[in-house]
Asks: 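Below is the structure I would like to discuss, written out as structure tokens.
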Protein chains: 2
Amino acid sequence: MKVPASLRDQLLDHAEAMLEAGESEPGIRALARAAGVSAMAPYRHFADKAALLTAVAERGFATLAAELAAADASGSDAERLVAQGRAYVAFARARPALFRLMFARPTEGDPAPEKTRENAPAFAILADRVAALAGRDAADATLGCWAIVHGLATLALDSRVDAPPAQVSAVLALYVAGISRPT
Amino acid sequence: MKVPASLRDQLLDHAEAMLEAGESEPGIRALARAAGVSAMAPYRHFADKAALLTAVAERGFATLAAELAAADASGSDAERLVAQGRAYVAFARARPALFRLMFARPTEGDPAPEKTRENAPAFAILADRVAALAGRDAADATLGCWAIVHGLATLALDSRVDAPPAQVSAVLALYVAGISRPT
DNA sequence: CAGAATATGTGTACGGTGTAAACGAAGGAG
DNA sequence: CTCCTTCGTTTACACCGTACACATATTCTG
């Protein structure tokens, strides 16, 4: 019963695979070749290269959100928060090219964490955790939290730091300790 | 006395200008055109496009380090640290393309903050400030500090957050408050 | 069912890129 | 003067994204 997957999905799959293989920006022609189709065929499914890559990025955000949610599944609030952070950085280190691509896509609308569609769900979960820990300044704390893990992730991708899980935990735990204190 | 600047410097200048003008990756040919020279001329001065862009990045790190040092010039330890953070993010927001380019260049050697040549000087200053504030966990705190500002900077460039100076100050001040407390 | 409309893929072509290879012209050293 | 080095040019190739015109297949409509 395995119908041969629409070309659209094939292209996205190959793009994801090439990203995972280290390619920083899969090209339309390469993807078409991989799918055994002419160079112009992809354009029946995507307006242009950017649109295709944006679709890949969207997938990436979905799986990132899933992994974050999984990490957030159990433990104390603080533990969950730290686990999320580890998952975030782990995702970035496991799929560097994809991670970079995801955040390199231009966003529509104003810059605000909860306004940017792809980040909204994950950001909401994070905000919940932080709210449970920090009384006042919850907004700043949430942003700081995201900034820390995102910073560690990108610095790791650009090999400015190593950022193994243990280090992420340590840095994040320190932050949590500083945040969660009587108002 | 104005000798007409070596082609090498002209190319770097134009590259910097084009980056400042929004171009994400100035091309060899475009730079050659800007310098009024043939497309192959740049290759007399740079092995390839990557080498040229790396040279631009190096310049960028130098001016970033200078701006950080300037911000660090006066005030209490905490104030200096926060000022550095503001300067870091301000730099990124003022020269988004350059900032991205700087960190996108591959680094030689192991990933370690103080080992990566371009970052070493600025990182050392940062480490000093943090050491003066946090007793134990100074290493983690330093890394956390860098991660926060770098995270804010990159998230701002990818328009995930706005990150105006006030926000940077707030987030960073919160972190400093959490860090600097009786051992 | 016929015929038209829509969806999907192909072939060709244009202008852009980075860069390899071979060639010239200018100046200093023997 | 001749030779070598430095700096630039010309030409050419392979690749890229994509506009345009065409073929075919599927589906909708009367």
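These values consider heavy atoms only, across backbone and side chains, with no hydrogens, waters or symmetry-generated copies. Remember, predicted model here, so these are calculated numbers, not experimental data. Note on naming: letters A, B, ... go to the chains in the order of the sequence lines (proteins, then strands), and numbering restarts at 1 for each one.
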Asks: Looking only at non-hydrogen atoms, find the nearest pair between Ala35(B) and Leu7(B) and report the distance.
Replies: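 In terms of heavy atoms, the two residues are closest at CB-CD1, 3.8 Å.
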
Asks: Indicate yes or no for a side-chain donor-acceptor contact from Arg80(B) to the backbone of Gly75(B) under 3.5 Å, with no hydrogens or angles considered.
Replies: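 The answer is yes, because a donor-acceptor pair under 3.5 Å joins these two groups.
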
Asks: Which heavy atom of Arg105(B) sits nearest a heavy atom of Thr54(B), and at what distance?
Replies: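 Looking at all heavy atoms of both residues, the shortest contact is CD-OG1, 3.3 Å.
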
Asks: Can we call the ring centroids of Phe103(A) and Phe61(A) under 6.0 Å apart?
Replies: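 That pair passes the under 6.0 Å test.
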
Asks: Between Glu108(B) and Lys115(B), does at least one N-O distance fall below 4.0 Å, as a salt bridge requires?
Replies: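 Salt bridge: no.
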
Asks: Please classify the nucleic acid contact of Arg8(A) as base, sugar-phosphate, or nothing, using heavy-atom distances under 4.0 Å.
Replies: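 No contact.
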
Asks: Taking any atom closer than 4.0 angstrom to a non-hydrogen atom of chain B, what span of DNA chain C does the protein reach, first nucleotide to last?
Replies: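 The footprint of chain B covers dT17(C) to dA21(C).
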
Asks: Quick one, which residues of residues 44-54 of chain A touch DNA chain D with a heavy atom under 4.0 Å?
Replies: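 Heavy-atom contacts with DNA chain D come from Asp48(A), Lys49(A).
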
Asks: To the nearest 10 degrees, how far apart in direction are the end axes of the helix from dC1(C)-dG30(D) to dG30(C)-dC1(D), each fit to five base pairs?
Replies: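 Comparing the axis at each end, I get an angle of 10°.
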
Asks: Which whole-number value in Å describes the distance from Leu11(B) CG to dC7(D) P?
Replies: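 For the pair Leu11(B) CG and dC7(D) P, the rounded distance is 13 Å.
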
Asks: If you take all heavy atoms of Ala131(B) and Ala138(B), which pair is closest and at what distance?
Replies: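 Closest approach of Ala131(B) to Ala138(B), heavy atoms only: CA-CB, 4.5 Å.
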
Asks: Mind running side-chain contact (heavy atoms from CB on, under 4.5 Å) on Lys49(A) and Arg29(A) for me, showing each step along the way?
Replies: CA-CA 10 Å; Lys49(A) 188 187 173 184; Arg29(A) 289 177 113 109; over 6 Å; no

Asks: Any carboxylate oxygen within less than 4.0 angstrom of a Lys/Arg side-chain nitrogen, looking at Asp158(B) and Arg100(A)?
Replies: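 The answer is no: the pair does not qualify as a salt bridge.
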
Asks: Have a look at Phe46(B) and tell me which of Leu53(B), Ile28(B), Leu31(B), Leu12(B) forms a side chain to side chain contact (heavy atoms under 4.5 Å, CB included) with it.
Replies: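 Result: among Leu53(B), Ile28(B), Leu31(B), Leu12(B), Leu12(B) is the only option passing the side chain to side chain contact (heavy atoms under 4.5 Å, CB included) with Phe46(B).
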
Asks: Under a 3.5 Å threshold, yes or no: a donor from one side chain and an acceptor from the other, between Thr116(B) and Thr107(B)?
Replies: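 No, no side-chain donor-acceptor pair sits under 3.5 Å.
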
Asks: For Arg59(B), give me all partners under salt bridge (Lys or Arg N to Asp or Glu O under 4.0 Å), at least two apart in sequence or on another chain.
Replies: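 In terms of salt bridge (Lys or Arg N to Asp or Glu O under 4.0 Å), with neighbours along the sequence ignored, Arg59(B) is linked to Asp13(B), Glu16(B).
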
Asks: Hey, are Glu58(B) and Arg117(B) close enough for a salt bridge, meaning a charged N less than 4.0 Å from a carboxylate O?
Replies: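 Between Arg117(B) and Glu58(B) there is a salt bridge, with a charged N closer than 4.0 Å to a carboxylate O.
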
Asks: Do you know the tightest heavy-atom contact between Ala122(B) and Leu68(B)?
Replies: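 Nearest pair, atom of Ala122(B) first, then Leu68(B): CB-CD1, 3.8 Å.
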
Asks: Can you list the steps and then say if Leu143(B) with Leu152(A) is a side-chain contact (heavy atoms from CB on, under 4.5 Å)?
Replies: CA-CA 8 Å; Leu143(B) 182 53; Leu152(A) 283 176; 3.9 Å; yes

Asks: Which residues in residues 34-43 of chain B have a heavy atom closer than 4.0 Å to any atom of DNA chain C?
Replies: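 Contacting residues: Met40(B), Tyr43(B).
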
Asks: Within residues 12-30 of chain B, which residues have any heavy atom lying less than 4.0 Å from an atom of DNA chain C?
Replies: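 Here the set is Gly27(B), Ile28(B), Arg29(B).
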
Asks: Is it true that Arg86(B) and Glu79(B) make a salt bridge, defined as a side-chain N closer than 4.0 Å to a carboxylate O?
Replies: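 Salt bridge absent between Arg86(B) and Glu79(B).
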
